[in-house]
Structures are given as structure tokens and as C-alpha cells.
Amino acid sequence: MTQTQSHPVVVPGSPSGAGATTGGSTASDPGRWVPSSPSDAAPRRPLLRRLTGRGTGAVGSLRHRIELAMLLVGVGVLYLWNLAASGWANAFYSAAAQAGSQNWEAFFFGSSDAANAITVDKPPASLWVMDLSVRIFGLSSWSVLVPEALMGVGTAWILYLAVRLAARPATGSDRAAHGSGLVAAAALALTPVAALMFRFNNPDALLVLLMTAAGYATIRSIQNGRARWIVIAGVLLGFGFLTKQLQVFLVVPGFAAAYLWAAPHRMVPRLLHLLGALGAMVVSAGWWIVAVMLTPASARPFIGGSQTNSILELTFGYNGFGRLSGDEVGSVGGGNGWGQPGLLRLFSSTFGGQIAWLLPASLLLGAALLWVGRRAPRTDAVRASVVAWGGWVLVTGLTFSLMHGIIHEYYSVALAPGIAALAGLGGGILWHRRRYPVEASALAAGVAAAGIMGVVLLNRASGFVPWLAWAVALAALVAAAAITAGGFGARLPKPAGPTTAAVALVAALAGPFAFTLDTVSTAHSGAIVTAGPSSGFGGRGGFGGQRNGQGFLGFSQNGAQGTAPGFGQGGTGTQSSTGTQSGTGTQGSTGTQSGTGTPFANGAGGAGGQPGGFGGRGGAGGLLGAPTPSSALVAALQTNASKYTWAAAVVGSNNAAGYQLASQLPVMAIGGFNGTDPAPTLAQFQQLVNEGKIHYFIAASLMQGGTGSNDAQLIGQWVQANFQAQTIGNTTVYALGS
């Protein structure tokens, strides 16, 4: 039997605490809303109409579609503008995309080179997208990076849909729901680390898209009662696993708790539906894992990042529990080498400017929604959304804060959709109900929290648009005061509503918007990059990161200050702002890093260094940045290339990536990313040389790993002892084949 419920609508001019509402709210209980049940949903319409809002019959639906289109176009322009300036961005993944575009085996396994010596240290789902783009459009910076930018647009759109879906029954207003969705999408797009990673070719862009889509599917399943949507969420999370492995599971507790609590079914069906979603996740992730495990090791590339050529070791070790404990065999760091864990890590000088702008405000607004809707039915879509998105933020945030293993600032992009969803949903619903004192107070507190966080983070970026922090502080004060006054019965002029909303958005988004503009106006390359003007580990000119250009309004800070001791093959030398190393000397000397270059990226400062050596004083070597070889060396690699399986071999994946992208020929990455994988062993390398499969060995430096295989060192020593060194274009090479 179908029960008819109307949507709650707050009368804007109602007195404080006694507004007239419908759908379950009364003058004595203004804090309650009653969402419509699945049976009360509007008649089903074609999917495209449901996603865009067409055919709802709502006044202003055309206007809403236009506003949404304008927002998404703006996001696209923001993420595509100046995109090619980053070149290959993370050359490690660009080289793998080049390899996958040339060889289907490399495509399937995610190999670093088209001859399939070793894979990257992640599953290949994100590479598949880039591989296909390169196959269709040819190898270029655009063909590698444009798919990431489009993923950013898609993520903003899906987040809009998810937030609008939950806000509609709670407000009874298409306009309010639409506004909530727009705020969420804008907050996501203007998060600095999101602008960074949706313009970069790391796996994080696809991971965030898939997790956001799974969040939408979960909320949709809760609201309409159809189990297929929660199963779709499981499929999406499974492909998220094939993007970045166990990290995708951090959103599962929030999604599962939301469905288990709020789905409109009895407990047993709810549990069965979740089991179905789990099964879908296992199947959509497991098929590739099983295929890798069933393929003989001799018939596939070595699994990069593992010590035993095992995808399970990579999953649960290096990319799994090792990230939590810091026990990562083969890593060049860990523990305090990646920063001090703690509850406030996300607010630190390195992480804060990436993600923390709306973090306190979003948690506050989410908590306010739980309180305001505390008497709503179990199936309330708003509560379910807060549990889903809030669980996402809390579990992921605590994990990132407390983990002891490898962590980079850009990982925090995984928090952006959850924070933005809570900000949009809470801000939109509480704004719609701002005539009530509790809602007004909570909303004002959220605006104030966003403003305070903005002032703190802007002041950390010394010299960056100095007046902006004052503007944010003033906007937050004015907006919070106006919202509070309205909630406690003050009669404000009619234009005060839109003006207050605009000022509140300025208080919340002006700071991240400025950091985002700075991010998109500068180039980023290397393995570790950060957004905005803040300098830190991997920031401007930092440990493996590279940023070129003046930045937003010319106020960007210079590169990381001071010197970084390190080992460069060319001995004592000074690395310039363009990333070139000069000077000659003996191996193990101390180098000096300055400006915005990639420290010791090419290890080719002069002749005389030990090939494949580590040693020295812990510099970055070729670990985090790819070299740009001379035209003479590229020509040498391309000469008689058809006679060889690999045009060259070099220690470290980033070293190999630079030569491979320049020559578009397979280059073997000895030892994988860190140079610490036993791939190949010395005996295997010697056999390949005897079979005439490798043309050159290129001397390079690489940071010493504390654990893992030392085969790369042994190979370098063997080459130096048995082959004659020569210099081609200021790079030391050894001809292994005639």
C-alpha cells in the first residue's frame, strides 16, 4: 500500500522556530524533515533526463541545466588550460602509457616498457585509459593528460548528482537541491589538490572518479530501494582496486554503514544486498588478479614493487599494510622519513594547503545535519548521505593521518569528494532552513570555520596575495553575522539573502580558488608534486617535484630553500633551475640542489661515475624525476634498434622513462621504481646480454634503498668491469651489443 507524503518546505518568512512546513514538520518540531519513500518517487524517465533534471516539471529546470553546464564547462577550462606545460608530468606513468600503446601484453599487465621487462608498481586500470588515448591520438602530453582532466569534469558532475539526489527530499525544493549540488561540485573543483591531480597522470584521478561514482550509486540505491545500484557501486569499487589497490577500501565502511542503516528493506535483504555488492567488487577486481596469478612468470613481466614477482605481495605488502606500518621492503624511506604521523597531519604545513580548507567546516555541517534530522525516518537520504560521505572523510583522513609508510601530499585528493559533498549538502540544506536558530547557528559556524581555515592557510604562504587573507576574514565575519541575525528573527532587506550567500561563498572558496589558480598556472612534473604556492616535501623544487613559471599573479614562492646533499654520477655539481646538472668529479661527491629543477634526475653530469651506483649522501638520484637525453644519445639509441629487444637498460624506472619517451623504444628499468626489485637478477641480465638483446647500459645515479634486492648494484658493477665506458651527449654509456 502506497503512503502519500509531501516534501517539507520551509516558508522563508516564517518566524524563528515556528516556520510553517509540510511533510512531517510542525511548528512544535521545526527541526524534523520526512523524506519521501521510494514508492513516492516521480515516474521513471529516461536515464539522460534523470541525470540532467530534464522533464521534472520544476520551474527553472532549464535554468538549472544551463547553470550546471556552465559550471562543468568552467571546470573543463580550468583543468585543460595550460595543460601541456607539464610535459610528461609523471614520466613513470607516461612511459608505461607509451609502452601499452605499442604492445597489448604491456597494456594488459601495465608494463613499464613495450618489451615487458617489469610492470609499474600499481595495477593497470588508470594506464588503460591513457594507453587507449595514446593509441588513438598518438603520443603527446595532451593525449596522456586530457583523459585526467575529463575525469575531473566527470567527478564534479557525478558529485552534483549525488548531492542533489539527497537534498531534494529534505528541502522539497528543486532550486535548493540544485544549489547544494552546484556548491559541492564547485568545492570539489576548486580544491587545490584536486586541480593538481586532475591535471596529472597519476592513478589518483581515476580512483577518485570511481569512488565518487560508487558513492552516487550507493545513495541512489538507498533512496530508490533498487539493489542493482549497490551492486553497481561494488563493481565501481572493484575497478578502483585495479587502479590503486587497497586504498579504495577506505570508502567502503561509510558506504556499507549507510546502506545497512538506511536502505528501505528489512535487515536480511539489506545484508544480502551488501553481500552481492561485495561479490561484485571481488569479481570486478579479482578477474585481473587471477589472470596475473595464472600466467606463468616466464610469460609475463615481473611484478614491479614486489620482491617475489607476486601480485599478492604487491597488494598486501608494498601497496598494502606496509603503508600503514612503514614496513615496506624495497622502499627508499618510510617511518618518519615520510613525516610524523598524528591526528593533525592533514592540517600541517605540507598537507594543509592541499586539502584542509573546508575540512573542519564540512565535518561541522555534517554533524549539524545529523542533529537537525535526528527524528527523520531510518531511510532518510540526508542521514544516509552524511554517513556515507562522512565515513569516507573520517576513515580516509584518519588513515592518512596515522599511517607510518609512504605518503605524499597528493594522496589527500582522495578526501576531496567527501569534504565537498558534506559542504554542499550541509550548506545547501541549512541555508534553505536558515530561518531556524539551530540551523542558522550551525551554518554561521561552518562559514566561520571555513574562513578561519582560509586565513590560516593563506598566511602560511608568505608573500602570496597578501590582501586575500584579510578579505576572507572580513567576508566570513559579515556572512556569519548576517546568517545568525536572520536565524534569530532580525528583519533584513530582501537583497540580503543573495548577498549573504555570495559573501559566504567568498569566505569559503576564495582561498582554495587562489591556490587552484596558482596550481593550474604552473607546470608540474616528477614523482612527487604539490598544489599551490606552499613549499614542502616535493613542492616547488622539492624532492622530485618540479614546477616552472611564475604562478598566480606572480606571488608564488621560489623553490625549496637550502641545499640537498646527494649523489650524482658527475660528482660535485650544481643543479640549475632548469634541471640540468653540470660539473665533473668522482662518484660519491656532494651535489647542491637549487631552484625548481628535479634533483639529480639524469645522473649525467659528466663521465667517470660508477654505472648504476647508489652510495653518496642520500640524494634523490634518478628516483623521482626523468632525464631529458641529448639528441646525440637519442640518435644512438635509435641506431640499429630493430636488432635489439631493449634499446638500453638503466637502473630505476624514472631514469628509464626519460630515455624511453625520447626514443620511443623499450628501455629496461633495472630494479623497478626504486632500483630494489630483483628484476632482472645479475644472472638473468648477463644471459640477456649474451643473447644480444640489450644495446646499451646507461650509467645513472639512484638513491639507496635500505631494503630489497641489490641486483641493480651488482649489474652496474659487472657492466663497469667488463665493458668500455663512452660518453654520448655528456652521458656515460656502455655498449653491450655490437
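Just the heavy atoms: all of them, side chains too, but no hydrogens, waters or symmetry mates, feed the values below.
Here the shortest heavy-atom pairing between Ala635 and Thr639 reads O-OG1, 2.7 Å. Closest of all the heavy-atom pairs between Ser306 and Pro678 is O-CD, 3.9 Å.
Proximity of Leu207 to Val248: side-chain heavy atoms (C-beta onward) are separated by under 4.5 Å at one or more points. Side-chain contact between Lys122 and Phe673: absent, with no pair of heavy atoms (C-beta onward) separated by less than 4.5 Å. Side-chain atoms of Trp646 and Val667, non-hydrogen and from C-beta on, never get closer than 4.5 Å to each other. Looking at Leu736 and Val719, their side chains come closer than 4.5 Å, going by heavy atoms from C-beta outward. Between Leu80 and Val146, some side-chain heavy-atom pair lies under the 4.5 Å cut-off. Side-chain contact between Ser111 and Glu105 is absent, with no heavy-atom pair separated by less than 4.5 Å. Looking at heavy atoms from C-beta onward, Phe697 lies in side-chain contact with Phe685 at the 4.5 angstrom threshold. Using a 4.5 Å cut-off on side-chain heavy atoms (C-beta onward), Ile355 and Val413 make no contact.
Among residues at least two apart or in separate chains, side-chain hydrogen bond (donor to acceptor under 3.5 Å, both in side chains) pairs with a member in residues 87-103 are Asn90-Asn202, Ser94-Asn201, Gln98-Gln102, Gln98-Gln660, Asn103-Asn116. The side-chain hydrogen bond (donor to acceptor under 3.5 Å, both in side chains) contacts involving residues 136-153 comprise Ser140-Ser143, where partners must be two or more places apart or lie in separate chains. Screening residues 686-697 for side-chain hydrogen bond (donor to acceptor under 3.5 Å, both in side chains), with sequence neighbours left out, gives Gln687-Glu691, Glu691-Lys693.
Both the sub-6.0 Å distance and the 45° axial angle are not jointly satisfied by Arg199 relative to the ring of Trp81.
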Quiz prompt | Full working for side-chain contact (heavy atoms from CB on, under 4.5 Å) between Trp287 and Leu242 | solution = CA-CA 10 Å; Trp287 67 272; Leu242 293 183; 3.8 Å; yes
Quiz prompt | side-chain contact (heavy atoms from CB on, under 4.5 Å) assessment of Ile303 paired with Val292 | solution = CA-CA 9 Å; Ile303 303 301; Val292 173; 3.9 Å; yes
Practice problem: List the steps and the verdict of side-chain contact (heavy atoms from CB on, under 4.5 Å) for Leu78 and Val520. | Solution: CA-CA 7 Å; Leu78 183 68; Val520 303; 4.1 Å; yes
Practice problem: Let me see the working for Thr530 and Tyr410 under side-chain contact (heavy atoms from CB on, under 4.5 Å), right down to the final yes or no. | Solution: CA-CA 6 Å; Thr530 56; Tyr410 68 78; over 6 Å; no
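Distance alone, capped at 3.5 Å, places no donor-acceptor pair between the Thr731 side chain and the Thr727 backbone. In this structure, Thr681 contributes its side chain and Gln684 its backbone to a donor-acceptor pair below 3.5 Å. In terms of modelled atom types and a separation under 3.5 Å, the side chain of Asp677 and the main chain of Ala679 share no donor-acceptor contact. In this structure, Asp113 contributes its side chain and Ala117 its backbone to a donor-acceptor pair below 3.5 Å. Looking at Gln726, its side chain never comes within 3.5 Å of a backbone N or O of Tyr734 through a donor-acceptor pair. Side-chain N or O atoms of Thr522 include one that pairs as donor or acceptor with a backbone N or O of Asp518 at under 3.5 Å.
Evaluation of the ring pair (Phe, Tyr, Trp, His ring centres under 6.0 Å) rule for Tyr411 yields His408 as partners, not counting sequence neighbours. Evaluation of the side-chain hydrogen bond (donor to acceptor under 3.5 Å, both in side chains) rule for Ser663 yields no partner, not counting sequence neighbours. Every residue two or more places apart in sequence or in another chain was checked for a side-chain hydrogen bond (donor to acceptor under 3.5 Å, both in side chains) with Ser133, and none qualifies. Phe198 is linked by a ring pair (Phe, Tyr, Trp, His ring centres under 6.0 Å) to Tyr79, counting only residues two or more places apart in sequence or in another chain. The side-chain hydrogen bond (donor to acceptor under 3.5 Å, both in side chains) search around Thr295 returns none, not counting sequence neighbours. By the ring pair (Phe, Tyr, Trp, His ring centres under 6.0 Å) test, Phe241 pairs with Phe249, sequence neighbours left out. Evaluation of the side-chain hydrogen bond (donor to acceptor under 3.5 Å, both in side chains) rule for Asn319 yields Gln245, Arg323 as partners, not counting sequence neighbours. Checked against ring pair (Phe, Tyr, Trp, His ring centres under 6.0 Å), Phe723 has the following partners two or more places apart in sequence or in another chain: Trp718.
In summary, the side chains of Ser709 and Asp711 do present a donor paired with an acceptor at a separation below 3.5 Å, with no hydrogens or angles considered.
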Could you give the side-chain donor-acceptor pairs of residues 123-132 under 3.5 Å, partners two or more places apart or in another chain?
unit_1 : atom_1 : unit_2 : atom_2 : d
Trp128 : NE1    : Phe107 : O      : 2.7

